[in-house]
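Notes follow once the structure below has been shown.
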Amino acid sequence: MISFVRGPVAQIGLSSAVIDVHGIGMLVHAAPKTLGGLHTGQEATLVTSMIVREDSMTLYGFANGSEREVFDVLLSVSGIGPRLALAVLAVHEPETIRVAVAAADGKAFTKVPGIGPKVAGRIVLELTGKLLPEGTGGSASAAAGVAGSAAWKPQVIAAMTGLGWSEKDAAMSIDKATADDPALLESGNVAAILRATLRWLGQDVARASSAGRAGARG
C-alpha cells in the first residue's frame with residue numbers, strides 16, 4: 001500500500017501526473033483541480049490510494065486525506081469505479097459530498113457527468129451512516145452541547161443554504177425543529193440535526209397546505 005508520494009513533478013497530463021520519486025516515475029491519476037495545483041519541476045506531495053487488479057496496479061492521488069477518505073468510501077457503492085469516484089470529487093468538495101449524503105440529496109450527485117438519478121439514489125442509500133459531515137459527534141453534558149453549538153450550527157446552516165434555503169430561514173427552522181429535543185442539541189450530531197430540520201420543514205409544509213385547503217372550503 002502506497003499511502004503518499006513526494007517528489008518533483010516530472011509531467012502533468014489531462015487526468016494524471018508523473019511524480020519523480022527517487023528516480024522512479026510514479027504515474028498518479030487525479031481530479032483536474034488536484035492536477036491544477038501541481039507545477040512541473042516543483043516538488044509535490046499527493047496522498048494516494050492504490051487500486052490493485054489482476055492485470056494492473058493504479059495509483060490515485062489527492063490533495064489531502066479527506067479527499068482520499070471520500071474516494072475510498074465512494075468505491076464501496078455498487079457500480080462506482082475509480083474514474084466515477086474521481087469525477088464526483090472533481091465536481092464537489094469532500095464536505096459537500098458528506099452533507100449531500102446526510103441530507104439524502106441525490107440531486108447533488110446528478111450534477112456529476114455519468115451519474116443519473118438511479119445511481120445518485122444508490123449512492124445516498126448505500127452511504128447513509130458511512131459518510132457523515134465532519135464534526136459529527138456527541139457531547140457528555142448539556143453545557144458541552146450548548147458550547148458545541150457554535151461548531152455544528154454553521155455546518156447545518158451551510159447544508160441547508162446549499163439546498164436552497166436562506167441563512168435566516170435555515171437558522172429559524174433549526175431552532176424550531178430542535179426546540180422540543182434537547183438531547184439532539186446536546187449530541188451536536190450534524191447529520192441527525194439536519195435530518196430532523198428537513199423532516200420538520202416537510203411537516204410544516206404539509207400543515208400549511210392543509211390549512212390552506214381548509215380555508216378554501218370555509
message: According to a hydrophobic-cluster definition based on side-chain heavy atoms being under 4.5 Å apart (Ile, Leu, Val, Met, Phe, Trp, Tyr only), do Leu132 and Val124 belong together?
response: no
query: If Ile, Leu, Val, Met, Phe, Trp and Tyr residues are connected whenever their side-chain heavy atoms lie under 4.5 Å apart, and connections chain through other members, are Met57 and Met26 in the same group?
result: yes
- prompt: If you take all heavy atoms of Leu184 and Thr178, which pair is closest and at what distance?
  reply: CD2-CG2, 4.0 Å
- prompt: Linking I/L/V/M/F/W/Y whenever their side-chain heavy atoms sit closer than 4.5 Å, directly or via other members, would Val21 and Met50 fall into one cluster?
  reply: yes
field: Interatomic spacing from CG in Leu27 to OH in Tyr60 - rounded to 0.5 Å
entry: 9.5 Å
- prompt: Which heavy atom in Ala120 sits nearest to a heavy atom in Gly106, and how many Å separate them?
  reply: CB-O, 3.3 Å
- request: State the CE-CD1 distance between Met172 and Ile157, to the nearest 0.5 angstrom.
  value: 12.0 Å
message: By the side-chain hydrogen bond (donor to acceptor under 3.5 Å, both in side chains) test, which pairs, at least two apart or in different chains, include something from residues 25-46?
response: Arg6-Thr45, Lys33-Glu93
field: Heavy-atom side-chain proximity of Leu201 to Met160 below 4.5 angstrom
entry: yes
query: Of the non-hydrogen atoms in Ala102 and Pro133, which two are nearest, and what is the gap between them?
result: CB-CD, 3.8 Å
- prompt: Side chains of Val99 and Val156: does their closest heavy-atom pair fall under 4.5 Å?
  reply: no
- line: Note: Ala17 and Leu35 closest approach over all heavy atoms is CB-CD2, 3.8 Å
- request: For the pair His92 (side chain) and Phe109 (backbone), establish whether a donor and an acceptor sit closer than 3.5 Å, ignoring hydrogens and angles.
  value: no
message: If you define the side chain from C-beta out and look only at heavy atoms, does anything of Trp165 sit under 4.5 Å from Leu198?
response: yes
message: Hydrophobic clusters here meaning ILVMFWY residues chained together by side-chain heavy-atom distances under 4.5 Å, can you tell me if Val47 and Ile97 are in one?
response: no
message: To the nearest 0.5 Å, what is the distance between NZ on Lys168 and OG on Ser173?
response: 11.5 Å
query: Should Val18 and Val5 be regarded as members of a common hydrophobic cluster, given that ILVMFWY residues are connected when their side-chain heavy atoms come within less than 4.5 Å of each other, either directly or indirectly?
result: no
Anything under 3.5 Å between a donor and an acceptor, one on a side chain of residues 67-91, the other on a protein residue two or more places apart or in another chain? List them.
| residue | atom | partner | partner atom | Å |
| --- | --- | --- | --- | --- |
| Glu67 | OE1 | Ala63 | N | 3.2 |
| Arg68 | NH1 | Ser3 | O | 2.8 |
| Arg68 | NH1 | Ser3 | OG | 3.3 |
| Arg68 | NH1 | Thr48 | O | 2.9 |
| Glu69 | OE1 | Arg98 | NH2 | 2.9 |
| Asp72 | OD1 | Ser49 | OG | 2.9 |
| Ser76 | OG | Val73 | O | 2.5 |
| Ser78 | OG | Glu126 | OE2 | 2.9 |

query: What pairs with Asp175 under salt bridge (charged side-chain N to carboxylate O under 4.0 Å, His left out), at least two apart in sequence or on another chain?
result: Lys153
field: Trp200 side chain reached by Ile174 side chain, heavy atoms, under 4.5 Å
entry: no
Flag side-chain contact, heavy atom, 4.5 Å: Leu46 against Leu38: yes
